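Here is the structure we will look at, set down as structure tokens.
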Amino acid sequence: MFVIKLLSKIVGVLRSGDTPNQIAWGFAVGTILGMTPFGLCSLLLWILLVFLHINLTSAILGFFLYKLIASILAPLFHMVGYDLLVQIPFLIPLWTSLYNAPIAPLTQFNQTVAMGSRAIAVVLFGPHFFLFRWIVRRYRETWEAAIQKWKIVQLVKGSRLVRAYVKIRDWGG
Amino acid sequence: MRKKGIALLLILLLAGLVFVWLSLDRWIENGLESAGEAIVGAKVEIDGFDLDLVNLSAGWQRLQLTDPNNTMQNMVETDKAALKLHSAALLRGRVMIDELTLEGVRSGSPRETDGALPQKESRKKSDDPSILEKVRDRLKKEAANLPVMQFDPQAFQKKLNVDSLVAAANLKTPERLDSVLAETQSAAEKWRAFATDFHPDDRIKAIRDELAGIDVQKMNNLPELISTLEKLKTARESFQSLQKEVQDASVAVQTDLSRLNGYKEAFPLWIDEDLAQIRRMARMPDLSARGIGKQLFGPALLSKIDQVIRYVQIARGLAIRKNESPKKNKPDRTGKTIEFPDRLGWPKFLIRGVSLSGMTNSDKDQPGLLLEGQGQGITSQPRIYGKPTFIRLAGKNEDGRSLQFRALLDHTTEMISDSLELKITNVALADLQFPSNDTGPIRIVKTNAGLAGKAWIGNEKIHMNLRLDLNNLVFDFKGIDPGNRIMVTAQDILKTVNHLQFSVQLSGRPDALGIDVHSNLDNLISDKLNMMVSRTLEASQQKIRAELTRIGNEKVPHVQSALTAFQNESVGPILGYGKQVDDIQSMLNDKIKAAEGKQQGDPTGRLRGLLELIKKKS
């Protein structure tokens, strides 16, 4: 049921009325939220997400997907964070200034896993955005018609379970 | 759709804020209690905590720090407290309190509930114990190894009993007499063996016959003269050989005899030596001054010092907290917090100043001394703050009672240096028992006490001096066992004493800590007990000497008999040969004189020349 729901959500996002840019923005921001630990920065991002006109569902999708990945990648985040905070001499004055500045210490910037995950999330933000935008466009232009013809999709769509789920889903209009 | 979402989010945010607002005080209160319990090792309770986020101030109505040594009473209890947080520091993730005011601080107040922590929550012992933990361990070992104050009256009586003393002593006189006896028997055996080979009788007879056969009157011509003189010369040579052998044997046997006879003069000296040894043995090294102080008051005082050190340890833990040690779990999973140079000199936690007022008694109706105090620089990161922690507490009453406490805890560099000073005067104490708190037979019903202590604690060294003066003493000796001579003696002395003084000194590294406990009773009691022993020994000296002589005299007849036998069997005959040799010497001299008379008529002088030659050779 969960898998069907997830697939339905993904398809729903791809087929929604939002533009590919809005969907890709949502997904990319969601990946940042998923990778980084909860704190002041993530709170601000969540607020931005609500206020800006970007796709929330894709953001939540990105968040959950990368939350799972982040727990596996924690040692990598620590390694990157440690290198950034300790091994690169020209950055140390910047960190020292932040350490002594107001607010910044509350963001846990000097925590290796937090720093590493943020750095990687920021670096991957662009690729995530462009990749997801390409996927949405390709889906709408080419893949959708082909996928609808897949036997497995026909089978799934024809099943009582899915029809019942769609009915319930569409009740609210 | 998005507007609805924003509204929903705002509602959620508002609800969250209300929840946080309502719960924040409780969360902080719980956090502070947990942190305090980790340091104290017993329950810490804060009632009525209130945080004002608008004015950045906080306070509580009541704080209780349970005494970990007695969890049914509080080590410290306070009434109202107020503090103001530093806003700029708070924005930088630091908690800085500019001024903390504590009212109604008191110690020893009873608790309504047990303040012990559940076993699993009690503070775990650090893998790397601090110097104070090491010192406390050392004190516990020292207290456990103190000699038990169970004086054995039988052992004491034994020390004063002549027979027991003589029996216990390792006496040398009998051994020496045995040795003389063995030597005499050995010498007799040696001379007996000598006598089997030494037979001068035949040679004496031969020389005597030879001399008797020489007739100097028959020297009428030269050949007769020469023949007579040749005989004289031969007899003389034989005699000289015999004389030497006999004389050597006589000297040797006489030397042995006089050496063995020497025991008669040595015998009284040997008894003196044994007597001195018994006197030494009767002295009681366990009654040295230090010994009595330690035995009588050691356990109680060391227990008190352990308690004091425990409080110092807690005070150090509250005032200066070590930087948290790295967590044990793998750092690559949970990460690591990197610290950078602090340009503002703001540690993670700091109380710049504390003002407190309180009392020494827990009872508000009888508050005891009214106290006031200040504290400065109470911090979790003294090296960043760069200033030592300073605590001062003082109180005085009209009746002369006073308390002063000062502490300077300097952890600003690698070399830790904590100095503490405490002075309490004229405090009324009651019902103190020694040597142990439970069964001590000496009970001080009431007294006025004064306490002065100084301590310095470094990284690996500690120096502590503590002096306790008890004046206007009223004792109760009901529990003293009349057979316990030390305690009875102590009682006799204490009856005349109005001032007791104890001093304790701890010094050095924990693994080689010097612990000295002294009191003004030490010398009094030890002198009195040693005097008792000396007097008894003095009175018994003649008895001991007689006993020693009796033991010696049991051996003397055997030695004397062996010596007599040696004298009769060996010495007498050898000396008898000497007498016979002397007789021969006279005969020889007579013959030579006669020959000299005869040579007066020798016209050629040749006879004279021969005689001269014989005389020269003899």
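Every chain is numbered from 1 and lettered A, B, ... according to where its sequence line falls, protein lines coming before strand lines. The figures that follow rest on heavy atoms only: side chains count, while hydrogens, waters and symmetry mates do not. Here the structure is a predicted model, which means the values were calculated and not measured.
- Residue Phe77(A) does not touch chain B at all, counting heavy-atom pairs closer than 4.5 Å.
- Taking a 6.0 Å sphere around CD of Glu414(B), one finds it holds 12 or fewer heavy atoms contributed by other residues, nucleotides or ligands.
- Side chains of Ile338(B) and Tyr82(A) form a contact here, defined as non-hydrogen atoms less than 4.5 Å apart.
- Of all the heavy atoms in Thr334(B) and Val113(A), the pair that sits closest is C-CG2, 3.7 Å.
- For the pair Asn100(A) (side chain) and Asp342(B) (backbone), a donor-acceptor distance under 3.5 Å is absent.
- Rounded to the nearest 0.5 angstrom, Leu91(B) CG and Ile103(A) CD1 are separated by 4.5 Å.
- Within the 4.5 angstrom heavy-atom criterion, only backbone atoms of Ile72(A) (N, CA, C, O) approach chain B.
- For Lys67(A), the NZ atom is densely surrounded, since the number of other residues' heavy atoms within 6.0 Å is greater than 12.
- Residue contact with chain B, scored on non-hydrogen atoms closer than 4.5 Å, involves the backbone of Ser71(A) exclusively.
- To the nearest 0.5 angstrom, Leu43(A) atom CG is 7.0 Å from Leu13(B) atom CG.
- Within the model, atoms NZ of Lys336(B) and CD of Gln111(A) stand 11.0 Å from one another, a figure rounded to the nearest 0.5 Å.
- Taking the six-membered ring where tryptophan is involved, the planes of Tyr99(A) and Phe340(B) are perpendicular, since the angle between them exceeds 60° and thus also 30°.
- The minimum heavy-atom distance linking Arg92(B) with Pro105(A) is given by the pair O-CB, 3.3 Å.
- With a 4.5 Å cut-off on non-hydrogen atoms, Ala114(A) does not touch chain B at all.
- The candidate with the highest count of non-hydrogen atom pairs below 4.5 Å against chain A, out of Gly93(B), Pro341(B), Ala89(B), is Pro341(B).
- Summarising the local packing, CZ of Arg406(B) is surrounded by 12 or fewer heavy atoms from other residues, nucleotides or ligands at distances under 6.0 Å.
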